[in-house]
Amino acid sequence: MTDEKLDQILKQALAPEIKNSEIRVHRRRKDKMKKLGNIGKAAAAAVVLAAIGTLGLGYFDPVLAAKIPLIGKIFEKVEDDVTYSGDYADKGTVLTNEDHAGNLDTSDYFASDKGITLTASEVYCDGYSIFLTVNIEAKEADFTHIPEHYTGMNVADGRMAAGFYIGGTWSVDGSSPEYLENTFEGVVIDNHTFAGMLKVNLAQKAESSGELSLNITGLGYDDDRMLDSEEISASHWTDGSWNIAIPFEVNETDVKTIEIGEKKGNITLDSVVISPYQVIVHTTTPGKQRELTDDRRKKLLSKDPDMTDAEMFEALGWSYEPCQTIVFNQDGEMLYSDMEMPGRAGFAVQGKEIKTLHIFVFDNLDDWALMETEGMNGSAANKAVISKEIHVK
């Protein structure tokens, strides 16, 4: 995407329009965020607004926070504001509880290094992703300057969450390590405490129980006092070692998979998964006929840890034809597009009713961007390679 096209999308995404200087600030971050793939209009707004300042952060009184049990209740605390929002009551498994004195009932799920303590709180798995809540404490830090970003489709929704960067790898049941690509999303509790949720997308569908191993090598966050600096991403970064093994059970309640298998041109719409918090669209493109083995991926990432799958295909001399996907529900509401990778596009449900899905798959980025602007009934709909209506209920 050209810088001019990016500017256009960003200006359309924000209300009121942002200044050109603020767009330049975002462009400095663009390389840092490239692993997120093609982000939608609302996601672009989220990234920019995270960069251009603190947006009405509210914090608890530290004294009161110390008296309110937080660990074991983080889903409840963040579930209305994070990207993958929804009612997590009775869905997640509590790993660690906290009493009113701040005492934990187990020490199995925490790690400390470099003055930062990370405690796993709750976990939920729909078979396709693992949603993990954590508490991060650092006695010498001041988290109150972490900027928030929008997590809803519209600025008017007023949904915002703070972000905490994470570096390292994850694996399930001894599988080959995968690089952590998401951030913790959540709330700043006080100067020294952050409560958030991490979403990990599984490469293969989990069928039952398992163990998630987090091998974290770095933690960091932005600071709204340093936004004028040339490098603004994770201006507070700490290298270290935080390793936690987290058991999980697959909860398939309210999870539905619909097989489709419709092929048009070079794209196949394979299936759609609907869970309480996300919609996943699985596709096949010509580039996906050649799989990146773990050994090949590790070798390429050793040269460039930020290399995307598309760049790996190019480095290997393989063809790679990505597609872009947009999803609407029966009311014409566009679902929040979080990230798209080869073969999989993820969308946040965010409490919307899902009776029918309207899925549009494009092979042209400009047509995809136009549909985000026009909506489901715009002219770009006719340019989709695949358009499919799926009845869920």
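Every heavy atom of this structure was used, including side-chain atoms; hydrogens, water molecules and symmetry mates were not.
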**Message:** Working to the nearest 0.5 angstrom, can you tell me the gap between Arg159 CZ and His149 NE2?
**Reply:** 10.0 Å
**salt_bridge(Lys355, Asp331) N-O dist < 4.0 Å** = no
**Asked** Would Thr268 and Thr283 count as a side-chain contact (heavy atoms from CB on, under 4.5 Å) if you check the C-alpha gap in whole Å, the side-chain angles of each, and the deciding distance to 0.1 Å?
**Response** CA-CA 5 Å; Thr268 302; Thr283 57; over 6 Å; no
**Prompt:** Do Ser121 and Ile74 come within less than 4.5 Å of each other through their side chains, counting heavy atoms only?
**Reply:** yes
**Request:** Could you go through the side-chain hydrogen bond (donor to acceptor under 3.5 Å, both in side chains) check for Asp366 and Trp368 one step at a time?
**Result:** CA-CA 5 Å; Asp366 290 333; Trp368 167 85; over 6 Å; no
**Asked** Do the charged groups of Glu252 and Lys205 touch, with an N to O distance under 4.0 Å?
**Response** yes
**Message:** Using only atom types and a distance under 3.5 Å, with no angle test, would you say the side chain of Tyr277 pairs donor to acceptor with the backbone of Asp87?
**Reply:** yes
**Request:** Compare all side-chain heavy atoms of Val134 with those of Phe184 and state whether any distance is below 4.5 angstrom.
**Result:** yes
**Prompt:** Are the side chain of Lys256 and the backbone of Val273 linked by a donor-acceptor contact shorter than 3.5 Å?
**Reply:** no
**Item:** Shortest non-hydrogen contact from Ala162 toward Val188
**Value:** CB-CG2, 4.3 Å
**Fill in**
Separation between OG1 (Thr238) and NZ (Lys114), nearest 0.5 Å, reads 7.5 Å
**Message:** Quick check: do Glu353 and Gln330 have side-chain heavy atoms less than 4.5 Å from each other?
**Reply:** yes
**Message:** How long is the straight-line distance from SG of Cys323 back to CG of Leu365, given to the nearest 0.5 Å?
**Reply:** 11.5 Å
**Complete:** Taken to the nearest 0.5 Å, the spacing of Phe360 CZ from Asp367 CG works out to 12.5 Å
**Any side-chain heavy-atom pair of Met153 and Lys352 under 4.5 Å** = yes
**Trp170 side chain near Leu212 side chain, heavy-atom distance below 4.5 Å** = yes
**Message:** Distance to the ring centre below 6.0 angstrom and angle to the axis at most 45 degrees; does that hold for Lys91 and Tyr124?
**Reply:** no
**Request:** Work out which heavy atom in Leu269 is nearest to a heavy atom in Ile260; give both atom names and the distance.
**Result:** O-CB, 3.6 Å
**Asked** Is the distance between the ring centroids of Phe131 and Phe75 under 6.0 Å?
**Response** no
**Prompt:** Do the side chains of Tyr128 and Ile280 get nearer than 4.5 Å, heavy atoms only?
**Reply:** yes
**Request:** Test Val281 against every option in Leu335, Ile326, Thr325 by the side-chain contact (heavy atoms from CB on, under 4.5 Å) rule and name the one that passes.
**Result:** Thr325
**Message:** Tell me if a side-chain donor or acceptor on Thr119 pairs with a main-chain N or O of Phe110 at a distance below 3.5 Å.
**Reply:** no
**Asked** Looking at side-chain heavy atoms only, is the closest gap between Leu95 and Val123 below 4.5 Å?
**Response** yes
**Asked** Hey, are Asp270 and Thr284 close enough side-chain-wise for a donor-acceptor pair under 3.5 Å?
**Response** yes
**Message:** side-chain contact (heavy atoms from CB on, under 4.5 Å) for Val272 and Ile359? Distances and angles first, verdict last.
**Reply:** CA-CA 9 Å; Val272 178; Ile359 300 174; 3.3 Å; yes
**Item:** Asp81 backbone acceptor or donor facing Thr151 side chain under 3.5 Å
**Value:** yes
**Prompt:** Stepwise, does the side-chain hydrogen bond (donor to acceptor under 3.5 Å, both in side chains) test hold for Gln278 with Asp126?
**Reply:** CA-CA 9 Å; Gln278 66 177 335; Asp126 61 4; 2.7 Å; yes
Report, one line per pair, each donor and acceptor closer than 3.5 Å where one atom sits in a side chain of residues 376-392; sequence neighbours left out.
| from | atom 1 | to | atom 2 | distance (Å) |
| --- | --- | --- | --- | --- |
| Ser379 | OG | Glu374 | OE1 | 3.2 |
| Ser379 | OG | Glu374 | OE2 | 2.9 |
| Lys388 | NZ | Glu262 | OE1 | 3.0 |
| Glu389 | OE2 | His391 | NE2 | 3.2 |
| His391 | ND1 | Thr356 | OG1 | 3.3 |

**Item:** Aromatic contact, Tyr221 with Tyr165 (centres under 6.0 Å)
**Value:** no
**Message:** Tell me if a side-chain donor or acceptor on Asn266 pairs with a main-chain N or O of Thr285 at a distance below 3.5 Å.
**Reply:** no
**Fill in**
Of all heavy-atom pairs linking Asp142 and Arg225, the shortest is OD2-NH1, 4.5 Å
**Request:** Determine, stepwise, if the pair Asn201 / Arg344 fulfils side-chain contact (heavy atoms from CB on, under 4.5 Å).
**Result:** CA-CA 10 Å; Asn201 295 321; Arg344 171 175 173 156; 3.1 Å; yes
**Asked** Checking Asn329 side chain against Ile354 main chain: does a donor-acceptor pair fall under 3.5 Å?
**Response** no
**Message:** Tell me if a side-chain donor or acceptor on Asn135 pairs with a main-chain N or O of Ile71 at a distance below 3.5 Å.
**Reply:** no
**Message:** To check you understand the geometry: which heavy-atom pair defines the closest contact between Leu219 and Ile116, and what is its length?
**Reply:** CD1-CG2, 3.8 Å
**Prompt:** Are the side chain of Glu211 and the backbone N or O of Ile246 linked by a donor-acceptor pair below 3.5 Å?
**Reply:** no
**Request:** Output yes when a side-chain donor or acceptor of His192 lies under 3.5 Å from a complementary backbone atom of Ala138, and no otherwise.
**Result:** yes
**Message:** I'd like to know if Glu79 and Lys77 make a salt bridge, using a cut-off of under 4.0 Å between side-chain N and carboxylate O.
**Reply:** no
**Request:** Provide the closest heavy-atom pair for Tyr150 versus Tyr336 in the form atom of the first, atom of the second, distance.
**Result:** O-OH, 4.0 Å
**Message:** side-chain contact (heavy atoms from CB on, under 4.5 Å), that's the test. Do Ile258 and Ile274 meet it? Break it down for me.
**Reply:** CA-CA 8 Å; Ile258 300 174; Ile274 304 97; 4.0 Å; yes
**Request:** List the atom of Thr83, the atom of Ala348, and the distance in Å for their closest heavy-atom pair.
**Result:** O-CB, 3.3 Å
**Prompt:** Got Cys125 and Leu202 here, is their nearest side-chain heavy-atom distance under 4.5 Å?
**Reply:** yes
